[in-house]
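Structure, as structure tokens:
No hydrogens, no waters, no symmetry mates; every other heavy atom, side chains included, goes into these values. Both counts, for ligands and for their atoms, begin at 1 and track the order of listing. All of these numbers come straight from a predicted model, not from anything done at the bench.
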Amino acid sequence: MSRIAFIGAGNMGLPMLRNLIGAGHEVRAYDVSPDALAEAVQAGADEAVSLADAVTAAEIVITMLPEGRHVRAVYLGDGGNDGIIGHAPREALLADCSTIDIATAREVAATASESGYEMIDAPVSGGVTGAAAGTLTFMVGGSAAGYERASQSSPRWGATWPTSADRARAGHQDLQQHDGGDRDHRGVRGLLPWRALGLDSKKLYDVLSTSTGQTWMMDHMHPVPGIVETAPSNRNYAPGFKAALMAKDLGLAQSAAADTGTSTPLGADAAALFRMLCKNGAGELDCSAVYKLLHGDL
Ligand code: NAD
């Protein structure tokens with residue numbers, strides 16, 4: 001079992017660290033949000049009073065943060081060596097599980113490597129339900145040695161496959177775009193005519209969920225309250241997966257599409273829609289709140 005520093009105990013980080021504690025690891029948590037940190041402590045983590053305090057004696061450091069700017073700040077600090085890089089022991093394995101831009105991922109990994117650390121890039125797919133169930137898919141980039149260390153030392157990392165860091169990033173963003181944002185907004189748009197025709201949303205779901213219309217998003221994050229019990233729509237759209245993070249992921253996917261000269265018109269449409277959702281003040285709501293925007297509630 002390992003001594004793990006876990007940085008970022010939000011909607012994903014909290015269930016992930018809970019599983020690591022359940023598997024017998026010693027977890028020391030840090031989050032800038034006192035509420036998030038308190039929940040981590042309630043889940044059985046040791047409370048770190050600072051980033052340095054969290055990582056000083058760690059064998060593995062896991063970060064689960066919103067965006068590239070947070071990851072950059074946490075690893076590099078102000079001057080390049082007063083973040084995790086600098087404070088964590090050189091033998092520690094560093095693993096960033098956040099979904100971030102390629103440029104930041106490359107910069108942080110290069111600085112870690114120059115400073116003598118083994119670092120892997122391990123963004124996830126599976127949502128908060130997958131995080132709670134310990135069934136996330138991790139898309140691991142980095143050295144084969146780093147991958148081996150991660151899979152051996154932590155039994156709850158989920159399904160993994162090794163690939164280069166950049167391919168993992170691009171692949172993950174592509175997947176987010178198509179399996180998350182696109183499907184979410186296409187699925188939600190698809191509900192609107194039926195709603196306008198007065199069809200009962202539950203009956204429609206019963207048909208779609210057992211036919212070729214079935215999607216992961218509708219099964220886990222159905223946007224209409226009262227249909228899928230655990231969906232964010234049943235708790236006033238508390239996330240879940242924040243709309244601001246969906247807008248970020250779709251933006252990253254659009255950048256990757258532009259960089260590679262590929263055309264992703266459905267992704268562009270979804271990106272514009274989620275940006276609008278955020279502009280309407282709903283960035284902190286679950287991304288399924290896009291339903292409210294589309295039928296005029298926001
Ligand atoms: P979240 O906003 O719920 O949690 C992020 C946590 O990081 C917050 O508690 C925040 O206080 C903390 N944080 C921010 N800056 C920090 C810092 N400098 N030091 C310490 N803590 C800091 O986000 P989330 O939903 O848990 O998502 C985390 C990452 O996982 C994102 O990159 C997201 O795109 C990705 N992701 C999320 C889901 C999902 O369903 N929520 C699914 C797949 C991937």
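- Set against the non-hydrogen atoms of Ile7, the atoms of ligand 1 under 4.0 Å away are 20 (C).
- Of the N or O atoms in Pro66, one or more lie within a sub-3.5 Å distance of an N or O in ligand 1.
- Of the listed residues (Leu51, Asp286, Thr137, Asp31), the one carrying the non-hydrogen atom nearest atom 10 (C) of ligand 1 is Asp31.
- Atoms of ligand 1 lying under 4.0 Å from at least one heavy atom of Val128, given by number and element, are 40 (O).
- The closest heavy-atom contact to atom 15 (N) of ligand 1, among the options Arg69, Met64, Met221, His70, comes from His70.
- Under the 4.5 Å side-chain heavy-atom criterion for Ile, Leu, Val, Met, Phe, Trp and Tyr, Leu197 and Leu191 are members of the same hydrophobic cluster.
- Annotation: side chain of Ser125 is in contact with side chain of Met139 (closest heavy-atom distance under 4.5 Å).
- The Ser33 neighbourhood of ligand 1 comprises atoms 11 (O), with distances under 4.0 Å to a heavy atom of that residue.
- Of all atoms in ligand 1, listed by their number and element, those nearer than 4.0 Å to a heavy atom of Lys248 are 31 (C), 32 (O), 33 (C), 34 (O).
- For ligand 1, the atoms lying closer than 4.0 Å to a non-hydrogen atom of Ala36 are 9 (O).
- Annotation: Thr99 places an N or O atom under 3.5 Å from an N or O atom of ligand 1; distance criterion only.
- Linking ILVMFWY side-chain heavy atoms closer than 4.5 Å, directly or via other members, places Met12 and Leu37 in two distinct hydrophobic clusters.
- The distance criterion of under 3.5 Å between nitrogen or oxygen atoms is met by Met12 with respect to ligand 1.
- No path of Ile, Leu, Val, Met, Phe, Trp and Tyr side chains, each step under 4.5 Å between heavy atoms, connects Val41 with Leu17, placing them in separate hydrophobic clusters.
- For atom 1 (P) of ligand 1, the candidate residues are Glu67, Arg72, Lys242; the nearest heavy-atom contact is made by Lys242.
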From CA spacing to verdict: side chain to side chain donor-acceptor pair (under 3.5 Å), Asp96, Ser98: CA-CA 6 Å; Asp96 179 36; Ser98 329; 2.6 Å; yes

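- Looking at ligand 1, you'll find an N or O of Gly240 within less than 3.5 Å of one of its N or O atoms.
- Neither the backbone nor the side chain of Ile100 comes within 4.0 Å of ligand 1, counting heavy atoms alone.
- Judged purely by distance below 3.5 Å, without hydrogens or angles, the side chains of Gln254 and Thr264 pair a donor atom with an acceptor atom.
- Contacts between Val74 and ligand 1 below 4.0 angstrom, taking non-hydrogen atoms only, involve the side chain exclusively.
- Numbered from 1 in the order shown, with element, the atoms of ligand 1 that lie under 4.0 Å from a heavy atom of Leu245 read 23 (O), 24 (P), 25 (O), 27 (O), 33 (C).
- By the 30° and 60° cut-offs, the orientation of the rings of His295 relative to Tyr291 is perpendicular.
- Within the set Asn11, Leu37, Leu252, Val71, the minimum heavy-atom distance to atom 3 (O) of ligand 1 is found for Asn11.
- Checked against a 3.5 angstrom limit, the closest N/O atoms of Leu65 and ligand 1 fall inside it.
- For the atom pair CG (Asp46) and CG (Asp53), the distance works out to 9.5 Å, reported to the nearest 0.5 Å.
- One hydrophobic cluster, built from ILVMFWY side chains closer than 4.5 Å, cannot hold both Val188 and Val207; they sit in different ones.
- Taking CE from Met119 and OG1 from Thr63, the interatomic distance works out to 5.5 Å, rounded to the nearest 0.5 Å.
- The distance from ligand 1 to the heavy atoms of Gly8 drops below 4.0 Å at these ligand atoms: 7 (O).
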Glu284/Lys242 under salt bridge (Lys or Arg N to Asp or Glu O under 4.0 Å): CA gap, chis, key distance, verdict: CA-CA 5 Å; Glu284 293 297 301; Lys242 290 175 190 165; 3.6 Å; yes

